[in-house]
Amino acid sequence: MNILSLFVLIPALMLLGLWLSRSLNQVRGVMVTGASCLLVLAAWLTISFIDFRNGGGQGMYLAQSIPWFAPLHISYAVGVDGISVVMLLLSAIIVFTGTFASWQLKPLTKEYFLWFTLLSTGVFGFFISVDLFTMFMFYEVALIPMYLLIGVWGSGRKEYSAMKLTLMLMGGSALLILGILGVYFGYGADTMNVNDIAAKHAAGFIMDPSLQRMCFPLVFVGFGVLGALFPFHTWSPDGHASAPTAVSMLHAGVLMKLGGYGCFRIAMYLMPEATQELSWIFLILTTISVVYGAFSACVQTDLKYINAYSSVSHCGLVLFALLMMTQTSCTGAIIQMLSHGLMTALFFALIGMIYGRTHTRDVRYLGGLMKIMPFLAVGYVIAGLANLGLPGFSGFVAEMTIFVGSFQNADTFHRAATIIACTSIVITAVYILRVVGKILYGKVADPHFEKLTDATWDERVSVCCLIFCVAALGIFPLWVSNVISDTIGPIITVLNP
């Protein structure tokens with residue numbers, strides 16, 4: 001068995017273990033054991049992949065293809081490159097920390113973790129797959145549990161948010177399957193393997209440009225809906241605000257990265273001619289996402305909505321950088337995926353912990369929390385500083401790499417878009433510093449808050465792990481750049497022949 005299949009097998013065994021569990025401690029034991037195994041496996045894979053590349057290895061690592069449905073050339077094809085390796089590591093970190101963030105969740109703890117694990121299965125399966133149909137299948141597996149996780153265990157307008165999220169993402173999936181079928185038939189209908197299709201293009205078999213112009217928007221928008229592409233982002237703030245803590249962590253931290261990953265690896269890589277021709281349209285939309293998301297965060301009063309609109313801005317920055325199509329900007333986009341995944345998971349974890357104690361997320365009714373819960377308050381300050389791009393944290397490395405790479409385009413249009421997107425740095429600093437000053441310092445807003453407790457051991461584990469990762473990526477970013485460079489280079493060569 002290919003070792004990559006363990007990323008699907010371990011969650012499957014976790015589902016079985018959860019189903020057989022008869023007590024809360026057994027449920028927790030299954031989750032911690034499984035999440036730890038996934039984290040160790042992802043760390044081992046990263047180290048093994050680095051050794052493989054340092055030894056002169058080329059192409060996909062641990063590639064394997066097993067025929068699944070021969071008439072349509074569908075295979076269970078797996079393999080990883082630099083981008084998917086770091087995405088698997090990010091996913092494992094978020095699942096591990098999300099498990100501890102949900103330690104005290106009640107009621108229906110067992111059922112909650114069953115759906116949470118199923119969502120994780122789809123995420124891991126998507127990142128190891130190189131077959132278009134298999135990727136789409138795991139993509140759907142990752143989306144479906146969100147409805148119940150928000151609708152049953154969420155808060156606020158949870159039914160509305162769950163239905164809105166599901167309808168918009170399913171609409172994106174409908175566009176996506178049409179685009180995938182267009183790519184399949186456009187390249188001769190004899191393979192669904194992404195690498196085989198890319199090899200055909202390199203050999204001179206180019207998909208008809210008119211068909212590319214039809215399919216590229218379908219695939220890019222289909223994935224872009226999940227990546228919070230303007231104006232298809234409206235599900236994101238409502239969904240994040242209503243979701244339970246760990247679901248918000250996994251959704252914003254990992255699930256939204258499926259959108260950027262799919263846009264880059266499928267839409268842009270397999271249809272480069274249409275990318276060159278139509279990228280300006282989507283570049284305008286992503287520039288709007290970056291600035292609009294930051295401005296929208298400024299006027300929110302709910303902590304989750306502030307972070308949700310911040311995610312719209314930062315995820316828009318990922319698509320913005322990819323569409324700039326330079327080696328540096330695309331490297332920055334992947335680092336931004338990692339950075340945002342860790343930062344937003346940390347933010348949502350802290351917001352959930354604060355809400356669990358104060359029973360409010362409204363900044364107008366919060367204040368003086370630094371005196372009452374110093375651990376959570378310091379964690380929130382660190383998350384805020386990372387989000388606004390303070391040097392030494394991951395956000396600074398990602399954003400500077402993106403803007404430097406984007407400005408490498410010499411034409412006026414790309415440079416103007418870069419300058420406009422840069423304004424989001426200032427806007428982000430405004431809403432982050434405003435919120436930090438309002439909720440953490442000054443007088444205690446409510447006398448009842450004086451009796452509140454600080455973080456428990458399980459919450460400290462989750463927060464400390466995420467802070468460590470955010471700082472480590474900010475201080476040692478070159479290892480990520482080295483891991484992904486061999487993957488980004490060939491794609492950029494195809495996009496800019």
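Below, all heavy atoms of this structure are taken into account, side chains as well, without hydrogens, waters or symmetry copies. As the structure is a prediction and not an experimental result, all values here were calculated from the model.
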Practice problem: Please confirm whether the backbone N or O of Asp362 pairs with a side-chain atom of Thr301, one donor and one acceptor, at under 3.5 Å? | Solution: no
Self-check item: Minimum heavy-atom distance between Met135 and Phe126, given as atom pair plus value
Solution: O-CD1, 3.3 Å
Quiz item: Side chains of Phe320 and Thr287: closer than 4.5 Å at any heavy-atom pair?
Solution: yes
Quiz item: Within 45° of the six-membered ring axis of Tyr431 and under 6.0 Å from that ring's centre, is NZ or CZ of Arg434 located there?
Solution: no
Quiz prompt | Ring geometry between Phe116 and Tyr112 (parallel below 30°, tilted from 30 to 60°, perpendicular above 60°) | solution = parallel
Practice problem: Would you indicate whether the side-chain heavy atoms of Met146 and Thr166 approach each other to under 4.5 Å? | Solution: no
Exercise. Start with the C-alpha gap between Asp81 and Arg265, add the side-chain angles, then the distance that decides, and say whether salt bridge (Lys or Arg N to Asp or Glu O under 4.0 Å) holds.
Key: CA-CA 11 Å; Asp81 55 19; Arg265 293 298 303 272; 2.5 Å; yes
Practice problem: Look only at the side chain of Ser310 and the backbone of Ile306, and say whether a donor-acceptor pair between them is shorter than 3.5 Å. | Solution: no
Quiz prompt | More than 12 heavy atoms of other groups within 6.0 Å of Phe295 CZ | solution = no
Exercise. Tell me, with the steps shown, if Ser5 and Tyr76 meet side-chain hydrogen bond (donor to acceptor under 3.5 Å, both in side chains).
Key: CA-CA 10 Å; Ser5 297; Tyr76 174 72; 2.9 Å; yes
Quiz item: Under the 3.5 angstrom rule, does the side chain of Trp153 hit a backbone N or O of Pro107 as a donor-acceptor pair?
Solution: yes
Exercise. Would you confirm whether Gln212, through its side chain, and Ala274, through its main-chain N or O, come within 3.5 Å as a donor-acceptor pair?
Key: yes
Quiz item: Taking atom types as modelled, is there a side-chain donor on Thr134 or Ser129 under 3.5 Å from an acceptor on the other?
Solution: no
Practice problem: Examine the side chains of Asp458 and Thr456 and answer whether a donor and an acceptor come within less than 3.5 Å of each other. | Solution: yes
Quiz item: Is there a donor-acceptor contact under 3.5 Å from the side chain of Lys304 to the main chain of Ala243?
Solution: yes
Exercise. Answer yes or no: is there a donor N or O on one side and an acceptor on the other, between the side chain of Ser289 and the main chain of Leu285, under 3.5 Å?
Key: yes
Quiz item: Would you call Met370 and Val381 a side-chain contact if the rule is heavy atoms closer than 4.5 Å?
Solution: yes
Quiz item: Does Trp103 use its side chain to pair, donor to acceptor, with the backbone of Gly98 at less than 3.5 Å?
Solution: no
Quiz item: Between Glu459, Arg357, Met373, which is the residue that forms a side chain to side chain contact (heavy atoms under 4.5 Å, CB included) with Asp454?
Solution: Met373
Self-check item: Distance-only side-chain donor-acceptor flag, His314 / Thr344, under 3.5 Å
Solution: no
